[in-house]
Amino acid sequence: MDKKRHQYKFSNMTIDNEDVYKKAGWGRSQYAVVFVCSLLFMGVGIGIGYAVGRNNSNSNIPQAGDTAQETATKPPRSPHPIDTILSSINKDNIKQNLWKYTSRPRMSGTPGGYELVQILQEAWRSSGIDEVRVTPYDVLMSYPNRTNPNRVQLLTSSGQLIFQSALFEPALDSLSNNSEIIPPFNAYAAAGISEGDLVYVNYGRIEDFLYLTQNMSIDLKGKTLIARYGKIFRGDKVKNAQRFNASGIIMYTDPSDFNRGNSTYPDSWWMPPSGLQRGTVGGDGDPLTPLYPATDYAYRVKESDVSGIKIPAQPISYGDAQHFLSEMGGEEAPLEWRGALPITYRIGPGFRNSSLKMRLEVNNFEEKRTVENVIGYIKGKTEPDRYILLGNHHDAWVFGAIDPLSGTAVLTELIRVFGEMLKSGTRPDRTIVFCAWGAEEHGLIGSTEWVEEYMKVLYERAVAYLNVDYAVDYNYVLFAGTSPLLQDSLYQATKQVPNPDTSSSDKTLYDAWKTRDNSNDLEPSVYYSLGSGSDMATFYQRAGVPSIDMWFTYDENKWDILSYPVYHSAYETVYLYENFIDPGYSYTATMAKLWGVLAWNIANEKVLKFDVRRYATAINKFIGNLKTEFGAKWTKQNVNIGALESAAQNLTTEAENFHQKVQSLQATSSAANVLQNRMINDKLIQFERAFIDCEGLPGRPMYKHVMFAPSLYDSYSDNSFPGIVDTMNEIENQNATAKWEVLKQQVSIATFIIQSAANTLKEVGL
C-alpha cells in the first residue's frame with residue numbers, strides 16, 4: 001500500500017450520541033407483570049398438585065428426565081453476535097496466519113503470490129461461509145530483470161567504476177535471507193539509461209521543481225535527478241521529472257524521514273542504511289484496459305500506445321545515496337531541503353569533481369500475467385441485495401509482514417469467526433463480502449478491475465466498503481480516513497470494542513482513541529482525504545461507495561516521520577512485527593474485532609447510521625477555505641461563488657430536515673415497517689453517489705468524485721473540490737491564465753452537484 005500521513009483531519013459537528021450495543025434489560029413494568037403472572041400460575045399449580053396428589057401416591061418421588069425437560073423448554077439465550085465476535089477472535093490464529101503468509105515473498109504474478117491465493121481460498125472455504133471465488137484478470141505487469149538488475153553508478157570520465165548501488169538488499173537476519181527476494185525496482189519505470197548531470201530536487205514536489213527552474217534558473221532538461229522519498233506519491237515525483245524533461249530520476253529514503261533512532265533493523269524498527277523502498281510509479285488499474293475490466297473479451301490498447309512513464313526511475317538506500325550526494329557541487333540546498341545524512345546537501349548540477357559522472361541503468365520489463373482476487377460471501381437473510389464489503393490486498397513487494405499481510409491475517413481470522421457464527425445459525429441481514437485483492441502494490445489492479453467489472457451492480461447495491469490495508473504499523477493509536485457518512489458508524493463500533501491497552505484507564509477503544517488523538521475536539525478526529533493509496537480508491541472515487549480506511553499507528557508527537565521506517569523493504573519481516581510493531585498481537589486482534597463489529601453493525605441496522613449533516617458541514621468548511629484562499633482573485637475574474645454558497649446552504653437545510661424526519665419516523669412508526677426503512681436506507685446509500693460526475697475531472701476521467709479525488713500533483717491525498725483546486729494550481733503556478741474559463745466551469749459543476757445532492761434528500765426531489 002501507498003499511504004501518506006494526512007495533515008487535515010476533521011471532527012466536524014457534535015452529533016446526537018448513538019446508542020451503543022446494550023444487552024436486553026427489563027424495566028419495572030415488566031417485573032410487575034411477571035410478579036402477577038407468577039401468583040396466578042402458583043395458585044393454579046397448587047390446585048393441580050393437590051388433585052394429582054390425591055390420585056398418585058408416588059407423586060412426591062422425583063421422576064427421571066424432569067430437569068432435562070425443564071431445560072429443553074427454557075433454552076439458554078444465545079449470546080449477542082457482538083459478544084461472539086469480541087470473544088472469538090484468537091490472537092494465536094492471527095499469529096499463525098501471519099507466519100504462514102510471510103514465509104516467502106508474495107508479489108502478484110510470481111509463484112509466491114499464486115501460492116498465497118490457494119492458501120486463502122482453502123482457508124476461507126473451510127471456514128463455512130457460503131461461497132468463495134477466485135476472480136482472475138490478465139493484465140500488464142512490470143518486473144525487474146533478475147539476471148541484469150537495475151543499478152546506479154558513479155564513474156570517472158573514462159568510464160572507470162568508482163561506486164555502484166547494491167543490486168540486492170543484503171540479508172541482515174535469517175528471515176531476510178531468501179533467494180526469491182526481487183531486486184530493487186520501481187514498477188512501470190521505463191527501461192533505459194540516464195547519464196545527465198545529477199540535480200538534487202528535495203522531495204520532487206511541483207513546488208520543488210518550480211523553485212529550481214524559476215528561483216534558481218536551472219534547466220532540468222536531460223538531467224538525472226535525485227529525490228527524497230516522502231511527502232507525495234513516488235509516481236508523481238517521476239511525472240514531475242518527466243514534465244520538466246529530465247532523463248531519469250533516483251529516489252532514496254533519507255534518514256531524516258526513516259531513521260530517528262540510535263540503532264536500526266534488526267535491533268530496532270528503524271530503516272538500516274542498506275534498506276530501500278520498492279513501489280509502483282504507474283497509475284491505477286490495468287494499463288491496457290483503462291476504465292474497463294480486463295476480461296477475456298476486453299479490447300486492449302497496444303503496449304506501445306500506453307501513456308505512462310517514459311523515463312527510467314530507480315530506488316536506492318540512503319547508505320548508497322550518500323556516495324552520490326556527498327560528491328555533488330553547486331549551491332548549498334536551502335535549510336528545509338537538508339536531510340540527516342552527514343554531508344553538505346547541494347543542488348548541483350553535477351559533481352564538484354568535474355571528472356566524475358553518473359549513470360542510471362534500468363532494465364525493467366513488462367508482460368501480461370494473471371492476477372487473482374479471492375472473494376468470499378455470506379448471503380444476507382433479509383436484504384441479500386445490499387452489500388457490506390471488507391477489503392485487504394494479499395500481494396507484497398517482499399514479505400509484507402506489515403503491509404499488507406497483517407491485514408490479511410486478520411481478515412482470515414475474522415472470516416473464521418463469521419463462519420462459526422453462520423454454522424450456529426447467526427446470519428446477517430445484509431450480505432457481507434470479503435475481498436483479498438491481487439496486485440494492489442502495482443497500482444490497485446485487482447480491486448480496480450473487479451470494481452470496473454461489477455460497477456453497475458455496486459452502484460445500485462453497495463452499502464459500504466471497509467478497507468484494512470494493514471492492521472498495525474505501530475501499537476499506539478487508531479488512525480482512520482472515512483467518508484463523512486460512515487463517521488458515526490466508526491465511532492459507534494469503537495465504543496463497543498475494548499481498549500487493547502489493559503493498563504490504561506480508558507476502557508473502550510473509542511476512549512483510548514480520543515485520549516491519544518492529537519486533536520482537542522469533542523470526538524476523535526478522522527480525515528476525509530482517502531486518496532488512492534489503497535483499494536478503497538476505486539470504490540469511493542468511481543463507484544461512489546461510502547468507504548473507510550483504518551489502521552493502528554505510532555504517536556506523531558513522538559516521531560514526526562512519513563511512514564513506518566522499513567516500508568516496502570526486505571526487512572519488513574514477521575520478526576520485525578513481533579518484536580517492534582505489535583508484540584503479543586493485542587492491537588492486531590483489536591483491529592479484527594473493530595472490523596468485525598463495524599461490519600456486523602452496518603449489516604444489521606434497521607436504519608443505517610449515516611448522518612448526511614456531516615457531509616453538509618464538511619462542504620461548507622471547504623467552501624470557506626476556498627473563499628479565504630482564492631476569494632479576492634475570483635471576484636476580479638467574476639467567478640460565481642455566490643451560487644456555490646447558496647447550493648451548500650440548501651444542502652445544509654435539506655440535510656437537517658432529512659435527519660429530523662428520519663428521527664421522527666423511527667420514534668413513531670412500527671419497527672416492522674420494512675418498506676419505510678428501505679426507502680430511508682436507499683436515500684442514504686445513494687447520497688454518496690450524488691457527488692459522482694460521470695464526465696470525471698478535467699483530463700482525468702477515471703476520477704469522478706467532485707468532492708474528494710486524488711490531487712493532480714499527489715495521488716496519495718485528496719483535494720476537496722479537486723477540479724477547482726487543481727485548476728487554480730495551474731493558474732497560479734504555471735501561468736495558465738487561459739484556465740480561468742475551466743475554473744468557472746468547475747465551480748459551476750460543483751454547484752450543480754451539491755444542489756443535486758440536496759435534491760436527493762427531498763421526498764420527491766423533482
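Remember, it's a predicted structure, so these values are computed and weren't measured experimentally.
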ask   = How long is the gap from NE2 on His659 to CG on Leu761, to the nearest 0.5 Å?
value = 12.5 Å

message = Tyr474 vs Phe552, test: ring pair (Phe, Tyr, Trp, His ring centres under 6.0 Å). Steps then yes/no.
response = CA-CA 6 Å; Tyr474 202 80; Phe552 285 103; over 10 Å; no

key: Nearest atoms (heavy-atom pairs only) where Ala757 meets Phe691   = CB-CZ, 3.7 Å

request  = Please test Leu626 against Trp634 for side-chain contact (heavy atoms from CB on, under 4.5 Å), starting from the C-alpha separation and ending with a verdict.
outcome  = CA-CA 10 Å; Leu626 290 176; Trp634 286 9; 4.2 Å; yes

Nearest heavy-atom neighbours spanning Ala537 and Ser532 = CB-CA, 3.6 Å

message = Checking Gln487 against Asp611: is there a side-chain donor and acceptor pair closer than 3.5 Å?
response = no

query = Looking only at atom types and distance, does a side-chain atom of Arg689 sit under 3.5 Å from a main-chain N or O of Gly544, one as donor and one as acceptor?
reply = yes

query = Does any N or O in the side chain of Trp513 come within less than 3.5 Å of the main-chain N or O of Leu478, such that one atom is a donor and the other an acceptor?
reply = yes

inquiry  = Looking only at the side chains, is there a donor atom on one of Thr652 and Asn620 sitting less than 3.5 Å from an acceptor on the other?
reply    = yes

query = Any side-chain heavy-atom pair from Arg516 and Asp555 closer than 4.5 angstrom?
reply = no

Step-by-step ring pair (Phe, Tyr, Trp, His ring centres under 6.0 Å) determination, Tyr615 to Phe687 = CA-CA 10 Å; Tyr615 235 118; Phe687 185 72; 5.7 Å; yes

message = For Lys379, is the NZ atom crowded, meaning more than 12 foreign heavy atoms sit under 6.0 Å from it?
response = no

query = Cut-off 3.5 Å, side chains only: do Ser534 and Asp549 have a donor facing an acceptor?
reply = no

task = Could you go through the side-chain hydrogen bond (donor to acceptor under 3.5 Å, both in side chains) check for Asp682 and Gln686 one step at a time?
result = CA-CA 6 Å; Asp682 281 352; Gln686 291 300 320; over 6 Å; no

query = Between Asn625 and Glu629, is any side-chain donor less than 3.5 angstrom from a side-chain acceptor?
reply = no

task = Compare every heavy atom of Arg542 with every heavy atom of Tyr459, then report the nearest pair and how far apart it is.
result = CE1-O, 4.5 Å

ask   = Charged N to carboxylate O below 4.0 Å: is that the case for Asp488 and Arg614?
value = yes

query = So, are Arg700 and Asp726 salt-bridged, with charged N and O less than 4.0 Å apart?
reply = yes

query = Taking the six-membered ring for Trp, are Tyr527 and Phe479 ring centroids under 6.0 Å apart?
reply = yes

inquiry  = Between Lys507 and Asp501, does the salt bridge (Lys or Arg N to Asp or Glu O under 4.0 Å) criterion hold? Intermediate values first, please.
reply    = CA-CA 9 Å; Lys507 298 306 179 185; Asp501 184 356; over 6 Å; no

task = Say whether Asn499 and Thr508, considering side chains only, have a donor N or O and an acceptor N or O under 3.5 Å apart.
result = no

NZ/NE/NH1/NH2 to OD/OE distance under 4.0 Å, Arg613 and Glu656 = yes

query = Where is the tightest heavy-atom contact between Leu530 and Thr482, given as atom of each residue plus distance?
reply = CD2-N, 3.7 Å

task = Indicate yes or no for a side-chain donor-acceptor contact from Thr628 to the backbone of Gly624 under 3.5 Å, with no hydrogens or angles considered.
result = yes

request  = State, with a plain yes or no, whether a side-chain heavy atom of Ser748 is found less than 4.5 Å away from one of Phe752.
outcome  = no

query = Strictly by modelled atom types, are Glu449 and Asn373 linked by a side-chain donor-acceptor pair under 3.5 Å?
reply = no

ask   = Side chains of Ser483 and Glu688: is there a donor and an acceptor less than 3.5 Å apart?
value = yes

key: N/O donor-acceptor pair under 3.5 Å between Lys683 side chain and Lys762 backbone   = yes

key: Main-chain N/O of Asp511 paired to Thr515 side chain as donor or acceptor, under 3.5 Å   = yes

request  = Give the C-alpha distance, both sets of side-chain angles, the deciding distance and a yes or no for side-chain hydrogen bond (donor to acceptor under 3.5 Å, both in side chains) between Glu645 and Gln649.
outcome  = CA-CA 6 Å; Glu645 291 178 297; Gln649 183 55 52; over 6 Å; no

inquiry  = Pair Thr448, Asp284 - check side-chain hydrogen bond (donor to acceptor under 3.5 Å, both in side chains), show working.
reply    = CA-CA 7 Å; Thr448 296; Asp284 295 346; 5.7 Å; no

pair Leu458-Trp450: side-chain heavy atoms closer than 4.5 Å = yes

ask   = Do the side chain of Asp517 and the main chain of Ser525 share a donor and acceptor less than 3.5 angstrom apart?
value = yes

request  = Can you see which heavy atom on Leu509 is nearest to which on Pro500, and at what distance?
outcome  = CD1-CD, 4.2 Å

note = The reported gap from NZ in Lys514 to CG in Asp521 (rounded to nearest 0.5 angstrom) is 8.5 Å

inquiry  = Just by distance, no angles: are the side chains of Glu741 and Gln745 close enough, under 3.5 Å, to form a donor-acceptor pair?
reply    = no

task = Starting at OH of Tyr491, measure out to NZ of Lys609 and round the result to the nearest 0.5 Å.
result = 16.0 Å

task = Using atom types as modelled and distance alone, determine if a side-chain donor or acceptor of Asn604 lies under 3.5 Å from a backbone N or O of Trp600.
result = yes

Heavy-atom donor-acceptor pair, Ser504 side chain to Asp506 backbone, under 3.5 Å = yes

message = Looking at Leu466, is its backbone amide N or carbonyl O close enough to the side chain of Trp595 to form a donor-acceptor pair, meaning the two atoms are under 3.5 Å apart?
response = yes

request  = Let me know which of Arg430, Lys606, Arg427 forms a salt bridge (charged side-chain N to carboxylate O under 4.0 Å, His left out) with Glu383.
outcome  = Arg430

remark   = Rounded to the nearest 0.5 angstrom, the CG-CZ distance for Asp236 and Arg205 is 12.5 Å

query = Is any side-chain heavy atom of Tyr465 less than 4.5 Å from a side-chain heavy atom of Asp535?
reply = yes

query = Does Val742 reach the side chain of Glu730, with side-chain heavy atoms less than 4.5 Å apart?
reply = no

inquiry  = Walk me through whether Tyr540 and Val545 qualify under side-chain contact (heavy atoms from CB on, under 4.5 Å).
reply    = CA-CA 5 Å; Tyr540 192 45; Val545 179; over 6 Å; no

key: Within 6.0 Å of OH in Tyr292, more than 12 heavy atoms from elsewhere   = no

message = Test your reading of the model: is there a side-chain donor-acceptor pair from Ser88 to the backbone of Ile85, 3.5 Å cut-off?
response = no

request  = Check the pair Glu732, Lys633 against salt bridge (Lys or Arg N to Asp or Glu O under 4.0 Å), reporting the backbone distance first and the verdict last.
outcome  = CA-CA 10 Å; Glu732 292 191 325; Lys633 296 176 183 178; 2.3 Å; yes

Gap separating the CD atom of Glu460 from the OH atom of Tyr387, nearest 0.5 angstrom = 10.5 Å

message = For Leu389 versus Cys435, what's the shortest heavy-atom pair and its separation?
response = CD2-SG, 4.2 Å

query = Is the closest side-chain heavy-atom distance between Ile724 and Val747 below 4.5 Å?
reply = yes

key: Validation row, ring centre Tyr554 to ring centre Tyr476 under 6.0 Å   = no

query = Side-chain donor-acceptor pair under 3.5 Å between Gln541 and His705, yes or no?
reply = no

query = If you round to the nearest 0.5 Å, how far is OG1 of Thr553 from OH of Tyr587?
reply = 12.0 Å

